[in-house]
There are 2 protein chains.
Amino acid sequence: MMHSAEQGAFRALADPTRRQILVHLAQSEMTIGEVCDRFDITRGAVKKHLIILEEGNLISVHPKGRERINRLEPMALKTVADWLEYFSHFWDSKLGDLKSAIESNQKSTKENDNG
Amino acid sequence: MMHSAEQGAFRALADPTRRQILVHLAQSEMTIGEVCDRFDITRGAVKKHLIILEEGNLISVHPKGRERINRLEPMALKTVADWLEYFSHFWDSKLGDLKSAIESNQKSTKENDNG
DNA sequence: TTTTCATAATACCTTTTGGTATCATTTAAA
DNA sequence: TTTAAATGATACCAAAAGGTATTATGAAAA
């Protein structure tokens with residue numbers, strides 16, 4: 001099946017535990033054990049979340065002795081932010097009302113990366 | 001169960017068909033029938049996607065005679081963009097490398113809305 | 001009033017998801 | 001060289017997701 005570049009990241013972000021893990025990794029990189037200490041689920045569950053985060057390129061994993069360091073990879077988050085930015089004129093527009101913003105959008109945009 | 005304000009939106013955005021629907025609704029509001037015309041799935045499937053988008057406050061639905069108009073609600077997207085912005089210093093930082101950005105983050109941030 | 005059109009609702013099916021428990025593997029330490 | 005620690009892998013389970021087909025409703029049109 002076809003997957004857009006950001007699909008893996010959107011999928012990973014859908015789960016609150018995974019978003020929480022990203023917040024923790026934004027403070028410092030961690031081993032799996034250290035991530036587990038911050039949640040009340042089993043190591044196996046945490047491991048699965050880390051795999052999904054890795055598949056979405058939101059983290060990278062680096063072996064170090066018998067440990068494995070999990071590190072935030074912010075560029076995948078930027079991919080998501082970029083997708084959202086396509087809609088940003090709806091909320092930071094000076095027009096102030098949605099109807100006008102959509103009409104303005106219809107005039108200016110026919111094709112786009114989100115389509 | 002506790003749900004953060006943005007949980008419904010993140011959940012809705014995880015599916016590529018639903019993201020596509022939002023792109024279409026950014027062009028103009030549409031009835032369900034008009035949304036269906038743009039996809040190769042059944043009306044029932046589209047309806048379910050619209051319900052999930054509505055649950056995430058990403059769209060609102062407005063009865064009009066025997067039709068129901070689906071309208072983009074951009075503020076829920078802003079909620080998601082705001083969550084992501086917490087991480088933005090990792091990619092737009094002048095520091096340029098992640099290690100420094102995380103160390104800088106450790107100094108400046110102890111608690112935050114994402115935590 | 002009787003159709004017809006746009007939509008809602010429900011039952012059902014398969015795959016994915018989020019979790020557990022258990023066993024295997026690899027590396028550091030005694 | 002054993003032993004302990006950190007992690008990986010697998011089988012299993014219940015619930016949620018994404019889809020279909022079918023039936024029901026409610027408003028517009030003939």
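Lettering of chains follows the sequences in order, A, B, ..., and the numbering in each one begins at 1. Side-chain atoms are counted along with the backbone in the values below, which use heavy atoms only and exclude waters and symmetry mates. Note that the structure is a prediction, hence the values are computed from the model and not measured.
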Whole-Å distance, B:D15 CG to C:dT17 C1', equals 14 Å
Nearest heavy-atom contact between B:A14 and A:Q7 is O-NE2, 3.1 Å
Tightest non-hydrogen contact, residues A:W91 and B:P74, listed as CE3-O, 3.6 Å
* To do: Ignoring backbone atoms, test whether A:R66 places a side-chain nitrogen or oxygen under 4.0 Å from the OP1 or OP2 oxygen of D:dA4.
  => no
- State whether A:R68 places a side-chain N or O below 4.0 Å from either non-bridging phosphate oxygen (OP1 or OP2) of D:dA6. no
Rounded to whole Å, the CD-P distance (B:E55 to D:dG18) equals 12 Å
Of the candidates C:dT7, D:dG19, D:dT7, the side chain of B:H49 sits closest to D:dG19
Quick one: is B:T31 getting a side-chain N or O under 4.0 Å of the C:dT7 phosphate, OP1 or OP2? yes
All heavy atoms of B:R19 vs all of B:L13, minimum pair found to be NH1-O, 2.8 Å
In short, B:F87 meets A:A26 closest at the heavy-atom pair CE2-CB, 3.8 Å
Per nearest nucleotide of DNA chain C, the residue lying toward the 5' end, B:G33 or B:K48, is B:G33
From NZ of A:K47 across to C1' of C:dT17 the rounded distance in Å is 17 Å
Result for 5'-nearest mapping on DNA chain C, choosing between A:G65 and A:R43, is A:R43
Quiz item: Would you call the rings of B:H89 and B:Y86 parallel, tilted or perpendicular if under 30° counts as parallel and over 60° as perpendicular?
Solution: perpendicular
- Task: Look at A:R11 and C:dT17 and indicate whether a side-chain polar atom (N or O) is within less than 4.0 Å of OP1 or OP2.
- Result: yes
Rounded to whole Å, CD of A:Q7 lies from P of D:dA17 at a distance of 15 Å
When rounded to whole Å, the CD1 to P distance for the pair A:I69 and D:dA6 reads 12 Å
B:I52 has its side chain closest, among C:dA6, C:dG18, D:dG18, to D:dG18
note: A:E67, atom CD; C:dA28, atom P; distance rounded to Å ~ 9 Å
* To do: State whether A:T42 places a side-chain N or O below 4.0 Å from either non-bridging phosphate oxygen (OP1 or OP2) of C:dG19.
  => no
B:I32 CD1 to D:dA27 P, in whole Å, measures 16 Å
When rounded to whole Å, the CD to C1' distance for the pair B:E34 and C:dT7 reads 13 Å
